[in-house]
Amino acid sequence: MLEKKSERKNAWKTIFIFLAIVTLLSSVFHYAIVNLYPSRLYIGGLMWCPAIAALITLKLKGRSVSSLNWNWGNWKYIRLSYFVPAFYAFLTYALIWIFGFGGLASGEMVLDWAKDLGLIGIGTLNPTTAMILAVFLLGTVGVIRAMATTLGEEIGWRGFFIYELRKVLSFTGVALFSGIVWASWHWPLIVYYGENVLLELTAFFVVIISMSFMMTYYTFKSKSLWPAVIFHAVSNVYIQKIFPPLTTEIEGTEHWLGENGIMFAIVTFVFGAYFWRKAIRENL
């Protein structure tokens, strides 16, 4: 953290400029998502608002875009940024299946899923082969595709925002503050699309803040924004695209499922607490 009061004041000014620009840009896309159709087009634009805000802020402050951590970083953190979110997504749904909050999809459902993905017609597929192929393609090609939008968020949140916060806050403060802002940035989508809004907002805030601790850890350890880009993309793909089609809903337990579900909040909270303790021990 910065020691001089004038430098800390300047850092806070930069932070508030960035947040003001993010809010202004995002409000346009939030309005479009809620009121216009199709919404998916505007979600992509929304996810690039943090990056645009970061670039504008850098320009206003007379700083170079190259000051962001564009380097690839250590391959160790790249690998972990793939496997950690893939593992917590698997663990979330494994617990859902074990405790009976949802069931494993039938062979027919798996084949329907493969058909939706365009896999039927390339040969005779049994359910097991179809599932393996679908998971492999979504976990590779799907993740690369998702990175095109998560890059927009992560240039802003982890590439720029948390480094400004680091000038005035501890690791705990950076991860918590940025996590609250990141979660709050999503709230119009949860309110508009949610069914049990209070429960889903609460679970979502726990998930996002917990992820913030993990992603802040990997960003600072790697000194690169790319682990966060990969982490974010993998988490989205596995929790939104891979495991839900493999799970059948059971009446009365819907609130345990999905990215706004209770089980995902519990699992990510445990992971987030682990990374918080790990960062403190390492004096990050």
Side-chain angles (χ1 to χ4, degrees), residues 1-4 7-8 11-12 14-15 18-19 22 50-51 54 67-92 143 147 150-151 153-186 202-236 238-239 259 263-284:
M1 290 188 290
L2 297 172
E3 298 295 333
K4 293 183 178 180
E7 292 177 337
R8 290 172 60 84
W12 277 116
T14 302
I15 289 166
F18 168 73
L19 291 178
V22 169
S67 63
L68 301 179
N69 290 308
W70 297 102
N71 59 294
W72 186 248
N74 192 316
W75 272 100
K76 171 185 175 182
Y77 300 112
I78 296 295
R79 290 193 298 270
L80 288 172
S81 291
Y82 185 99
F83 289 112
V84 168
F87 177 64
Y88 70 50
F90 167 76
L91 183 59
T92 296
V143 167
M147 286 172 62
T150 60
L151 175 61
E153 283 198 48
E154 296 311 325
I155 289 173
W157 300 133
R158 254 62 59 174
F160 176 79
F161 186 41
I162 66 171
Y163 279 97
E164 293 302 309
L165 289 175
R166 196 181 195 184
K167 296 175 181 178
V168 292
L169 297 173
S170 65
F171 174 88
T172 302
V174 170
L176 185 60
F177 188 97
S178 63
I180 292 172
V181 169
W182 187 26
S184 300
W185 179 72
H186 289 84
T202 301
F204 186 76
F205 265 71
V206 172
V207 167
I208 292 298
I209 293 170
S210 299
M211 287 177 62
S212 177
F213 276 86
M214 294 181 250
M215 295 166 73
T216 299
Y217 175 87
Y218 280 129
T219 301
F220 287 162
K221 288 291 287 187
S222 66
K223 298 180 177 62
S224 168
L225 62 83
W226 292 105
V229 175
I230 294 168
F231 192 109
H232 193 165
V234 171
S235 185
N236 282 358
Y238 275 81
I239 211 69
E259 64 179 333
M263 188 61 76
F264 192 41
I266 293 171
V267 171
T268 52
F269 178 81
V270 172
F271 274 71
Y274 168 79
F275 278 89
W276 171 61
R277 295 291 298 172
K278 186 175 175 64
I280 298 302
R281 287 196 305 269
E282 296 176 9
N283 196 30
L284 195 57

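Starting from 1, each residue takes its place in the sequence as its number. From a predicted model like this one, the values you see are computed outputs, not experimental measurements.
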query: Without hydrogens or angle criteria, can the side chains of Trp276 and Thr172 be said to hold a donor-acceptor pair below 3.5 Å?
result: yes
- prompt: Hey, are Tyr82 and Tyr238 close enough side-chain-wise for a donor-acceptor pair under 3.5 Å?
  reply: yes
message: Restricting to non-hydrogen atoms, name the atom on Pro50 and the atom on Val22 that form the minimum distance, rounded to 0.1 Å.
response: CA-CG2, 4.1 Å
- request: Anything under 30° is parallel, anything over 60° is perpendicular, the rest tilted; go ahead and classify Phe264 against Tyr88.
  value: tilted
message: I need the minimum non-hydrogen distance between Lys223 and Asn71, along with the two atoms involved.
response: O-OD1, 3.1 Å
task: Please tell me if the side chains of Ile209 and Thr268 come closer than 4.5 Å, counting only heavy atoms from C-beta onward.
output: no
query: Relative to the ring of Phe171, is the ring of Tyr217 parallel (under 30°), tilted (30 to 60°) or perpendicular (over 60°)?
result: perpendicular
Between CH2 on residue Trp182 and CD on residue Glu154, distance to nearest 0.5 Å: 5.5 Å
field: Minimum-distance pair of heavy atoms, taken over all atoms of Met147 and Ala233
entry: CG-CB, 3.6 Å
Ala183 versus Phe204, closest heavy-atom pair with distance: O-CE2, 3.9 Å
- request: Could you grab the distance from atom CZ of Phe271 to atom CG of Leu91, nearest 0.5 Å is fine?
  value: 5.5 Å
- prompt: Quick one: does Ser212's side chain have a donor or acceptor within less than 3.5 Å of a partner on Ala175's backbone?
  reply: yes
field: Rounded distance [0.5 Å steps], CZ in Phe177 versus OG1 in Thr216
entry: 12.5 Å
Where Arg8 and Lys167 come nearest, the two heavy atoms and their spacing: NH1-O, 4.1 Å
Plane angle bin for Trp157 and Trp185 - parallel if under 30°, tilted between 30 and 60°, otherwise perpendicular: perpendicular
field: Close side-chain approach of Leu225 and Trp70, heavy atoms under 4.5 Å
entry: yes
message: Could you measure the distance from the CD1 atom of Ile15 to the CD1 atom of Ile162? Nearest 0.5 Å is fine.
response: 11.5 Å
- request: Determine the minimum heavy-atom distance between Ala265 and Val207, stating which atoms define it.
  value: CA-CG2, 3.6 Å
message: Counting C-beta onward and ignoring hydrogens, is there a side-chain heavy-atom pair between Phe213 and Tyr274 closer than 4.5 Å?
response: no
- prompt: How long is the gap from OG on Ser224 to OH on Tyr218, to the nearest 0.5 Å?
  reply: 13.5 Å
task: Report yes or no: does Ser235 contribute a side-chain atom to a donor-acceptor pair with the main-chain N or O of Phe231 at less than 3.5 Å?
output: no
task: Answer whether the closest heavy-atom distance between the side chains of Trp226 and Leu151 falls below 4.5 Å.
output: yes
- request: Could you grab the distance from atom NZ of Lys221 to atom NZ of Lys278, nearest 0.5 Å is fine?
  value: 7.0 Å
query: Should the heavy atoms of other residues, nucleotides or ligands under 6.0 Å from CZ of Phe269 be counted, would the total exceed 12?
result: no
